Amino acid sequence: MAPTARLTTVTRYGLTFDVRDTGPADGPAVVLLHGFPQDGTAYDDVAPRLAAAGRRVLVPDQRGYSPGARPTRLRAYVLRELVDDVVALLDAAGVERAHVVGHDWGGTVAWAVASRRAPRVSALTVLSTPHPAAMRDALWRGQARRSAYIAGFQLPRRPERRLLADDGARLRRLLSGSGLDAGHVDRYVRRMSAPAVDDAWPALTAALAWYRALRVRDRFGAGRVRVPTTYVHGVDDPFFAPAAVGATARYVVGPYRVVPLAAGHWLPETRADDVVEAVLATPSAGP
């Protein structure tokens with residue numbers, strides 16, 4: 001069912017999510033999910049190309065990143081809630097099934113949506129992020145060292161102070177040192193520096209809640225994926241071990257393709273053409 005108007009927001013349980021909705025309203029839907037500390041603008045070079053190819057492109061600023069969706073309880077940021085936010089977006093858009101694309105933390109959500117809400121997913125393209133179970137498999141084969149920063153992000157208050165001190169100097173170094181261009185670095189640091197509004201958390205605290213919520217007991221996780229899947233990764237990505245990349249194939253039962261790129265971590269911003277090509281080349285599951 002085609003919507004009567006383009007989406008700019010989606011409301012779920014009193015939270016308001018900002019959404020960019022472009023391309024033909026009756027085209028096959030693609031959902032683009034960003035990671036930390038991005039927002040939907042990470043896909044600014046990807047979305048127009050997909051729209052020009054006839055796709056309806058839905059790009060939300062996710063929970064913690066939309067100013068109207070920054071709840072102040074860690075349990076609000078567990079994976080089940082993040083997944084159901086995507087389902088709420090599809091419902092609001094009048095979309096039965098979509099091609100789900102995710103990068104970084106958005107990749108983790110994409111794996112979970114495709115495995116736990118499979119009837120709503122026609123295809124999956126994941127950028128950078130191995131399957132979460134594959135990352136666990138590879139912890140003692142290089143992944144633990146590459147994920148060590150997560151423990152630091154889970155500490156209370158200290159990460160905010162350190163990352164945003166001196167006009168966000170440490171956050172700027174973290175992003176630029178991992179290969180992100182200056183323009184995106186400036187935008188993301190400005191976004192993460194936004195203060196608390198009303199009863200919500202400040203922007204960086206809400207974004208870090210995704211990491212801190214990993215401590216919350218929750219049985220919901222990503223399972224095996226049966227829809228057609230393309231996994232695109234940079235061979236020079238500093239955050240994911242080759243063992244985790246290789247182990248991801250164990251968790252995809254459906255058609256599966258791996259696309260290695262001579263690139264780092266920030267694929268939506270730095271390798272938009274390759275991302276678009278991968279999305280368009282991924283077949284959709286039948287009805």
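Numbers here simply count residues along the sequence, with the first being 1. Computed from a predicted model, the values in this text were never measured in an experiment.
- Atom OG of Ser122 and atom CD of Glu96 lie 11.0 Å apart (nearest 0.5 Å).
- Residues passing the side-chain contact (heavy atoms from CB on, under 4.5 Å) test with Pro71, sequence neighbours excluded: Leu15, Arg63, Ala76, Tyr77.
- Residues Val109 and Leu79 are in side-chain contact: their nearest non-hydrogen atoms beyond the backbone lie under 4.5 Å apart.
- Applying the side-chain hydrogen bond (donor to acceptor under 3.5 Å, both in side chains) test to Arg80 and every residue at least two apart in sequence or in another chain returns nothing.
- Under the rule for a side-chain hydrogen bond (donor to acceptor under 3.5 Å, both in side chains), Thr248 has no partner lying at least two apart in sequence or in another chain.
- Listed by first then second residue, pairs satisfying side-chain hydrogen bond (donor to acceptor under 3.5 Å, both in side chains) with a partner in residues 167-181 read Arg172-Asp186, Ser178-Trp266, Asp181-His184, not counting sequence neighbours.
- Not one N or O on the side chain of Asp104 forms a donor-acceptor pair closer than 3.5 Å with the backbone of Gly35.
- Heavy-atom minimum distance, Leu7 versus Ala92: CD2-O, 4.0 Å.
- Between the NE2 atom of His131 and the CG atom of Asp137 there is a distance of 9.5 Å, given to the nearest 0.5 Å.
- For the pair Arg212 (side chain) and Phe153 (backbone), a donor-acceptor distance under 3.5 Å is present.
- Chaining together hydrophobic side chains whose heavy atoms lie under 4.5 Å apart leaves Tyr251 on its own.
- Val87 is not connected to Val31 by any chain of hydrophobic side-chain contacts under 4.5 Å among Ile, Leu, Val, Met, Phe, Trp and Tyr, and they are in different clusters.
- Between Met135 atom CE and Phe239 atom CZ the span is 11.0 Å, to the nearest 0.5 Å.
- By the side-chain hydrogen bond (donor to acceptor under 3.5 Å, both in side chains) test, Ser147 is found to be paired with Gln143, residues two or more places apart in sequence or in another chain being considered.
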Inset, instruction - Start with the C-alpha distance between Val121 and Arg97, add both sets of side-chain angles, then the distance that settles side chain to side chain contact (heavy atoms under 4.5 Å, CB included), and finish with yes or no. - result: CA-CA 5 Å; Val121 179; Arg97 305 179 80 193; 6.0 Å; no
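- Ion pairing of Arg56 with Asp21 is present here, as a side-chain N (NZ or NE/NH1/NH2) and a carboxylate O approach within less than 4.0 Å.
- Within the 3.5 Å criterion, the main-chain N or O of Thr129 finds a donor-acceptor partner in the side chain of Trp111.
- The minimum heavy-atom distance between Ala88 and Val10, with the atom names listed, is O-CG1, 4.1 Å.
- In summary, the side chains of His265 and Asp237 do present a donor paired with an acceptor at a separation below 3.5 Å, with no hydrogens or angles considered.
- For Asp218, there are no side-chain hydrogen bond (donor to acceptor under 3.5 Å, both in side chains) partners at least two apart in sequence or on another chain.
- For residues 193-207, every residue pair satisfying the side-chain hydrogen bond (donor to acceptor under 3.5 Å, both in side chains) rule, not counting sequence neighbours, is listed here: Glu160-Thr205.
- Residue Asp61 holds its CG atom at 12.5 Å from OG1 of Thr16, rounded to the nearest 0.5 Å.
- Taking CZ of Arg20 as the start and CZ of Arg6 as the end, the distance is 14.0 Å to the nearest 0.5 Å.
- Val216 and Leu82 fall within a single hydrophobic cluster, where Ile, Leu, Val, Met, Phe, Trp and Tyr are joined by side-chain heavy atoms under 4.5 Å apart, directly or via other members.
- Among residue pairs with one or both ends in residues 221-231, those qualifying as side-chain hydrogen bond (donor to acceptor under 3.5 Å, both in side chains) are Thr230-Thr282; sequence neighbours excluded.
- The heavy-atom pair separating Gly168 from Val189 by the smallest distance is CA-CG1, 4.2 Å.
- When the shell of 6.0 Å around CZ of Phe220 is examined, it contains more than 12 heavy atoms from other residues, nucleotides or ligands.
- Ser66 places a side-chain N or O within donor-acceptor distance of the main-chain N or O of Asp18, the cut-off being under 3.5 Å.
- Crowding of Arg158 atom CZ: a count of heavy atoms from other residues, nucleotides or ligands under 6.0 Å not exceeding 12.
- Residue Arg215 holds its CZ atom at 6.0 Å from CG of Leu74, rounded to the nearest 0.5 Å.
- Side-chain N or O atoms of Arg250 include none that pairs as donor or acceptor with a backbone N or O of Ala133 at under 3.5 Å.
- Across all their heavy atoms, Ala244 and Pro130 have their closest contact at O-CB, 3.6 Å.
- Ring pair His233/Phe240: centre-to-centre distance not below 6.0 Å.
- The only option from Asp91, Asp84, Asp85 that meets the salt bridge (Lys or Arg N to Asp or Glu O under 4.0 Å) definition with Arg117 turns out to be Asp84.
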Inset, instruction - Show the numbers, then the answer: is there a side chain to side chain contact (heavy atoms under 4.5 Å, CB included) between Val253 and Val225? - result: CA-CA 6 Å; Val253 179; Val225 174; over 6 Å; no
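- Under a hydrophobic-cluster definition in which Ile, Leu, Val, Met, Phe, Trp and Tyr are linked whenever side-chain heavy atoms come within less than 4.5 Å, directly or via other members, Leu174 and Leu155 are assigned to different clusters.
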Inset, instruction - Could you check Met192 against Leu163 for side chain to side chain contact (heavy atoms under 4.5 Å, CB included), going step by step and ending with a plain yes or no? - result: CA-CA 10 Å; Met192 289 295 98; Leu163 290 172; over 6 Å; no
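- A single hydrophobic cluster is seen to contain both Tyr149 and Leu164, as judged by linkage of ILVMFWY side chains at heavy-atom distances under 4.5 Å, directly or through other members.
- For Tyr211 and Phe36, the gap between ring centers is short of 6.0 Å.
- Pro24 and Ala51 make their closest contact through CD-O, 3.7 Å (heavy atoms, listed as atom of the first residue, atom of the second, distance).
- For the pair Leu175 and Pro37, the minimum side-chain heavy-atom distance is below 4.5 Å.
- The side-chain contact (heavy atoms from CB on, under 4.5 Å) search around Ala196 returns Pro202, not counting sequence neighbours.
- Grouped with Val57 in one hydrophobic cluster are Val30, Leu32, Tyr43, Val46, Leu50, Val59, Val101, Leu127, Val232, Val259, Leu261, Leu267, Val275, Val276, Val279, Leu280, the linkage being side-chain heavy-atom contacts under 4.5 Å among Ile, Leu, Val, Met, Phe, Trp and Tyr residues.
- Remark: the His99 side chain and the Thr125 side chain contain an N/O donor-acceptor pair separated by less than 3.5 Å.
- Centroid-to-centroid, the aromatic rings of Phe17 and Tyr65 stay 6.0 Å apart or farther.
- Listed for the Arg187 side chain is no donor-acceptor partner under 3.5 Å among the backbone atoms of Ala42.
- Residue pairs meeting the side-chain hydrogen bond (donor to acceptor under 3.5 Å, both in side chains) criterion with at least one member in residues 268-280, sequence neighbours excluded, are Gln38-Glu269, Arg49-Asp273, Tyr188-Glu269, Arg271-Asp274.
- For His34 against Gly40, the heavy-atom pair with the smallest separation is CD2-N, 3.7 Å.
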